Amino acid sequence: QFPNDGCNASSNAYGVCYTATECTSLGGSSSGSCASGFGVCCTFSGGCGASTSLNNTYFKSNEGDTSPCSFSVCKASTDICQIRLGFETFDIAQPSTNKPGDDSPNGRTQCQKAQFSANSAGPSPPVICGTNTGYHMLLEARSDCNRLSFTWTSSTTRVWNIHIMQISCSAVWKPPEGCLQHFTGATGYIYSYNYAGGVHLANQQYSNCIRAERGYCSIGYTAVTSTDFQVSLIT
């Protein structure tokens, strides 16, 4: 017997360590070895309409997907408190850039052609769209499963590959409750969603959390360039 810990698969993905027989019975794919060669690194993936209760599962898009597309994430055990979504690839339609006049109600910066949403046992995550590859999102695990949903109204770019990690309530590294993003390390970058797409998204109200590192008692922020942080006023 060996623990079913997370592992790094030879396919450059994350998996879970199981025996070869267990991996097959769970519908996974063997990709490398683990547990000193006694186990295999088993990877899992699913698409629209599927569900998972296994750690380190990937929610992937396919060419034949139709809107709406949803994927359910259920707790792997009662000891799961959080779900971390790692956007390894996330590229859907950009928000509206229509400018009918700042004094007039309009859909500018809203996700009108495509949307990604998720539910949570904590604060409601914002709807996002655009380019979010490399970013992440934290959800508080629900007792009735968390639902990830994509919807779209046009045939524009639409591709995603989301790594789904389940975080134990007892994990010493578990992020604080209510954090939509959690950053670690003495240095790094904080991006708003769709920063890579160049347009800030509407209705983005959430908490970013930064872990206090050992030996540090303060933190400083600076914009990467003079245009990386801006606040405008509608007059």
Side-chain angles (χ1 to χ4, degrees), residues 6 14 51-59 70-88 90 92 95 109-111 115-151 160-197 199-223 228-231:
Y14 295 104
S51 63
T52 185
S53 58
L54 298 167
N55 190 23
N56 286 344
T57 297
Y58 288 81
F59 173 27
S70 63
F71 188 88
S72 295
V73 182
C74 303
K75 294 182 180 182
S77 70
T78 56
D79 185 44
I80 298 300
C81 274
Q82 293 176 327
I83 305 295
R84 184 188 187 278
L85 307 179
F87 301 139
E88 300 207 350
F90 188 119
I92 61 177
T109 77
Q110 294 181 8
C111 297
Q115 306 85 28
F116 170 78
S117 61
N119 61 1
S120 171
S124 297
V127 172
I128 64 173
C129 59
T131 304
N132 296 288
T133 298
Y135 305 163
H136 70 279
M137 180 180 287
L138 288 165
L139 310 173
E140 302 301 322
R142 294 171 58 99
S143 58
D144 61 346
C145 305
N146 296 73
R147 180 177 290 270
L148 316 180
S149 299
F150 282 93
T151 59
W160 65 83
N161 182 17
I162 302 175
H163 171 227
I164 303 168
M165 176 190 292
Q166 303 208 15
I167 302 175
S168 168
C169 303
S170 57
V172 295
W173 51 271
K174 183 179 78 69
E177 291 184 18
C179 302
L180 193 70
Q181 295 189 96
H182 185 236
F183 299 93
T184 62
T187 62
Y189 295 89
I190 299 173
Y191 300 99
S192 56
Y193 290 113
N194 197 47
Y195 176 81
V199 180
H200 189 274
L201 304 179
N203 303 317
Q204 298 293 295
Q205 183 175 354
Y206 57 87
S207 296
N208 282 339
C209 302
I210 302 172
R211 186 181 68 186
E213 298 299 317
R214 180 177 296 179
Y216 290 84
C217 57
S218 63
I219 188 169
Y221 302 90
T222 183
D228 277 345
F229 183 85
Q230 296 177 314
V231 178

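Small disclaimer: the values here were computed from a predicted structure and weren't measured.
- For the pair Val127 and Gln110, the minimum side-chain heavy-atom distance is 4.5 Å or more.
- Annotation for Asn203: atom CG does not count as buried by contact number, only 12 or fewer foreign heavy atoms lying within 6.0 Å.
- For Phe90, the ring-ring contact (aromatic ring centres under 6.0 Å, His included) criterion is met by Phe87, Phe116, Phe150, not counting sequence neighbours.
- Under the 4.5 Å side-chain criterion, counting only non-hydrogen atoms from C-beta, Leu148 is in contact with Ile164.
- The shortest distance between side-chain heavy atoms of Glu140 and Ser120 falls below 4.5 Å.
- Looking at residues two or more places apart in sequence or on another chain, you find a ring-ring contact (aromatic ring centres under 6.0 Å, His included) between His136 and Phe183.
- Here CG of Leu201 is found 7.0 Å from CG of Asn132. Values are rounded to the nearest 0.5 Å.
- One distance of note links CD1 of Ile167 with CG of Leu139; it measures 9.5 Å at 0.5 Å rounding.
- The neighbour count for Arg142 CZ, taken as heavy atoms of other residues, nucleotides or ligands under 6.0 Å away, is above 12.
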Please evaluate residues Asn56 and Met165 with respect to the criterion side-chain contact (heavy atoms from CB on, under 4.5 Å), reporting the C-alpha separation (whole Å), side-chain torsions for both, the decisive distance (0.1 Å), and the verdict.
CA-CA 5 Å; Asn56 286 344; Met165 176 190 292; 4.2 Å; yes

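- Between atom OG of residue Ser53 and atom CD1 of residue Ile80 there is a gap of 10.5 Å, rounded to the nearest 0.5 Å.
- Nearest approach of Lys75 to Ala141, heavy atoms of both residues: CE-CB, 3.8 Å.
- Distance alone, capped at 3.5 Å, places no donor-acceptor pair between the Glu177 side chain and the Gln82 backbone.
- At least one side-chain heavy atom of Phe71 sits less than 4.5 Å from a side-chain heavy atom of Thr57.
- Here Cys81 contributes atom SG and Leu138 contributes atom CG; the two are 12.5 Å apart, rounded to the nearest 0.5 Å.
- Taken to the nearest 0.5 Å, the OH atom of Tyr135 stands 7.0 Å off from the OG atom of Ser192.
- Within the 4.5 Å cutoff, side-chain heavy atoms of Met137 are placed close to those of Ile128.
- Residues that satisfy the salt bridge (Lys or Arg N to Asp or Glu O under 4.0 Å) test with Arg211, not counting sequence neighbours, are Glu213.
- Ring-plane geometry between Tyr191 and Tyr195 is classed as tilted, the angle between the planes lying from 30 to 60 degrees on a 0 to 90 degree scale.
- Between the side chain of Asn194 and the backbone N or O of His200 there is no donor-acceptor pair closer than 3.5 Å.
- Closest non-hydrogen pair, Cys129 versus Ile92, comes out as CA-CD1, 3.7 Å.
- With Leu180 as the partner, the side-chain contact (heavy atoms from CB on, under 4.5 Å) test is satisfied by one option alone out of Pro126, Ser207, Pro123: Pro126.
- One finds the CD1 atom of Ile210 at 10.5 Å from the CD atom of Gln181 (value rounded to the nearest 0.5 Å).
- The closest side-chain heavy-atom distance from Trp173 to His182 is not below 4.5 Å.
- Between Asp79 and Ser170, the shortest heavy-atom distance links the atoms OD2-OG, 3.4 Å.
- Looking at Tyr58, its side chain does come within 3.5 Å of a backbone N or O of Tyr14 through a donor-acceptor pair.
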